[in-house]
2 protein chains.
Amino acid sequence: MAERVAGRTKEEVLKDFRTDEIVQAARRVIGELGFADASMERIAHEAGVAKGTIYLYFRNKEELLAQVTDHGFAVLMERARAGASRARGAEAKLAALLCAALEHSTENQAIFRALQDYRQLAPENPPLLAAKLEHNLEQLVSFVAGVIERGTKSGELRACNARRAARFLVESMRGAILERLREPKRSSVQADAATIVDFFLHGVGATEPR
Amino acid sequence: MAERVAGRTKEEVLKDFRTDEIVQAARRVIGELGFADASMERIAHEAGVAKGTIYLYFRNKEELLAQVTDHGFAVLMERARAGASRARGAEAKLAALLCAALEHSTENQAIFRALQDYRQLAPENPPLLAAKLEHNLEQLVSFVAGVIERGTKSGELRACNARRAARFLVESMRGAILERLREPKRSSVQADAATIVDFFLHGVGATEPR
DNA sequence: TAAGGTGCTGACCGAGCGTTCAGTGCGCTG
DNA sequence: CAGCGCACTGAACGCTCGGTCAGCACCTTA
């Protein structure tokens, strides 16, 4: 009989540990090389195990990649929620949200590349990974849309299609992240986030909103 | 001595014809399958030639893909310029520009997928294709930035970092195109373009611009 | 210490890719 | 009509990659 710690066997703990090690290794490799060039061989090497070992913990490559992106998105969403909940008012919440995303993308390019590339992986008949990413992205958009809706109700934001606006903002964020990755540390995360929110709230038109 | 038509030999005309045929075939295949899955075999089949024949007209796959994206971008830019030049005022020009881009992306997904995927193709040490796409995208941003700057001078737009604003708009356009490709023909090109320009000019804030 | 089990290894496989090149056949020329 | 040149072909090549599995090493147990 195996000894138990907190209701889990030693084997289960070890398995979780190994699984996490491999996921983290995959995250690093993807962040460095992108999805397309992140081979199982390279990931195995990074994790310090043999290629075959990965297949003891994941059914195939796609399942591994899906876990990587899921994990990355979970961290991003947690940060975004935490940042937004600390801030007061729609503008501050959106800025905090963007800050979290920009910081997260700077520290960890893997999840962001996912956001960017996922459609490429299998444009037709999207498999597990594409579906998961689609779902994750939708979650982010929904969250942003929620912030916008509450802002509209409180009168801070004008009435608009919250979902469209949320997508609009998320895409802009994507662009800013891209730019930051291209020329890193050109400006602070806070400044970039503020610029985007400013554009988003006020636009570039000289006339007042209708 | 070969006969000449308009200063070009028959061989040159034929070569151009074949080259164009292959480029168009590649465009269709990329549009259907994406960059990653557009194999030379498939492109050759679509063009109605043998795989080896492509290598008589293009040094390698990358050169072929680069020509495809160059061609697509040239068409897009031509449309955008034409649309913008017909319109009067910054708002109308931007709307026309977005219309052109949305139409073009609807008819021809290849160039758009390029915009989306190019970073994926070679994240490190970007080769010919990535460099060309980067340059093309920069051209588009510059064009938009020009429209914005002139709008600022005429007083129609408020003063802002035109380049940042242009990137902001281009990314939003990208998002709209993505959405359109996901659920095609949900709304008219004109309506989508108007929505984006409206967001872009007025933002979602209830207060007037500073 | 011997036996048994289990986690792990890495050489191997087949598929698919971009690329090459010896061969083919068609059309032009003398 | 014979000979030649050249555009074109597609089988073959080298390579990479995801995925497999027979065997090994180590730990536990008796």
Side-chain angles (χ1 to χ4, degrees), chain A residues 1-4 8-23 25-26 29-30 32-68 117 120-124 127-130, chain B residues 1-4 9-23 25-26 29-30 32-68 117 120-124 127-129:
Chain A
M1 180 70 76
E3 53 206 304
R4 286 173 164 277
R8 293 160 67 214
T9 65
K10 190 179 71 178
E11 286 73 26
E12 282 171 346
V13 173
L14 249 171
K15 179 153 186 159
D16 280 1
F17 176 72
R18 271 272 195 251
T19 302
D20 192 58
E21 256 187 345
I22 294 171
V23 165
V29 173
I30 292 169
E32 193 182 338
L33 302 177
F35 269 103
D37 293 332
S39 69
M40 294 299 265
E41 185 68 56
R42 188 82 161 68
I43 293 170
H45 180 261
E46 177 76 25
V49 299
K51 195 164 54 154
T53 306
I54 298 181
Y55 288 88
L56 299 175
Y57 296 93
F58 301 90
R59 195 136 39 85
N60 51 31
K61 188 184 186 183
E62 188 173 33
E63 194 181 289
L64 170 57
L65 298 188
Q67 284 215 24
V68 170
D117 307 337
Q120 157 82 5
L121 292 168
E124 303 294 323
L128 178 62
L129 182 53
Chain B
M1 181 69 78
E3 54 206 302
R4 287 175 163 275
T9 65
K10 192 180 73 179
E11 286 74 24
E12 283 171 347
V13 172
L14 246 170
K15 179 152 185 159
D16 279 2
F17 176 72
R18 270 274 195 252
T19 303
D20 193 57
E21 255 188 346
I22 295 171
V23 166
V29 173
I30 293 170
E32 193 182 336
L33 302 178
F35 270 104
D37 292 333
S39 69
M40 293 300 262
E41 183 69 56
R42 190 79 161 68
I43 292 170
H45 180 259
E46 177 76 24
V49 299
K51 207 165 36 156
T53 305
I54 297 181
Y55 289 87
L56 299 176
Y57 296 93
F58 301 91
R59 195 136 39 84
N60 50 33
K61 189 184 186 183
E62 187 173 35
E63 193 181 289
L64 169 58
L65 298 188
Q67 284 214 24
V68 170
D117 307 338
Q120 156 85 5
L121 292 167
E124 304 292 323
L128 178 64
L129 182 54

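Protein chains get the first letters and strands the later ones, always in sequence-line order, with residue 1 at the start of each. These figures come from a predicted structure and were not determined experimentally.
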* Of the residues in residues 45-58 of chain A, which ones touch DNA chain C at a heavy-atom distance under 4.0 Å? ->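 The answer is A:Val49, A:Ala50, A:Gly52, A:Thr53, A:Leu56, A:Tyr57.
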
* To do: Could you grab the distance from atom CD1 of A:Ile22 to atom CG of A:Leu64, nearest 0.5 Å is fine?
  => 7.5 Å

For the pair made of [atom1] in [X] and [atom2] in [N], what is the distance, rounded to whole Å?
X       : N      : atom1 : atom2 : result
B:Met40 : D:dA11 : CE    : C1'   : 17 Å
A:Glu41 : D:dC17 : CD    : P     : 9 Å
A:Leu64 : D:dC17 : CG    : P     : 16 Å

* B:Val23 and B:Gln67: which non-hydrogen atoms are nearest, and at how many Å? -> CG2-OE1, 4.1 Å

* Pairing residues for B:Asp20 by the side-chain contact (heavy atoms from CB on, under 4.5 Å) criterion, not counting sequence neighbours ->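 Result, side-chain contact (heavy atoms from CB on, under 4.5 Å) vs B:Asp20: B:Gln24.
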
* Beyond-backbone contact of B:Arg18 with B:Leu56, side-chain heavy atoms, under 4.5 angstrom ->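 No, their side chains stay 4.5 Å or more apart.
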
* With side chain to side chain contact (heavy atoms under 4.5 Å, CB included) as the test, would you mind laying out the steps for A:Phe58 and A:Thr19 before giving the verdict? => CA-CA 8 Å; A:Phe58 301 90; A:Thr19 302; 3.5 Å; yes

For residues 43-55 of chain A, tabulate all N or O donor-acceptor pairs below 3.5 Å that involve a side-chain atom, not counting sequence neighbours.
unit_1: A:Glu46; atom_1: OE2; unit_2: A:Arg28; atom_2: NE; d: 2.7
unit_1: A:Glu46; atom_1: OE2; unit_2: A:Arg28; atom_2: NH2; d: 3.3
unit_1: A:Thr53; atom_1: OG1; unit_2: A:Ala50; atom_2: O; d: 3.4

* chain B on DNA chain C: first and last contacting nucleotide, 5' to 3', under 4.0 Å to a heavy atom? ->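 In short, chain B contacts DNA chain C from C:dG18 to C:dT20.
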
* Who pairs with A:Glu41 by side chain to side chain donor-acceptor pair (under 3.5 Å), at least two apart in sequence or on another chain? ->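 Counting only residues at least two positions away or on another chain, A:Glu41 forms no side chain to side chain donor-acceptor pair (under 3.5 Å).
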
* To do: Assign each of B:Lys61 and A:Arg18 to its nearest nucleotide of DNA chain C by heavy atoms, then name whichever residue's nucleotide is nearer the 5' end.
  =>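 Its nucleotide being nearer the 5' end, the pick is A:Arg18.
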
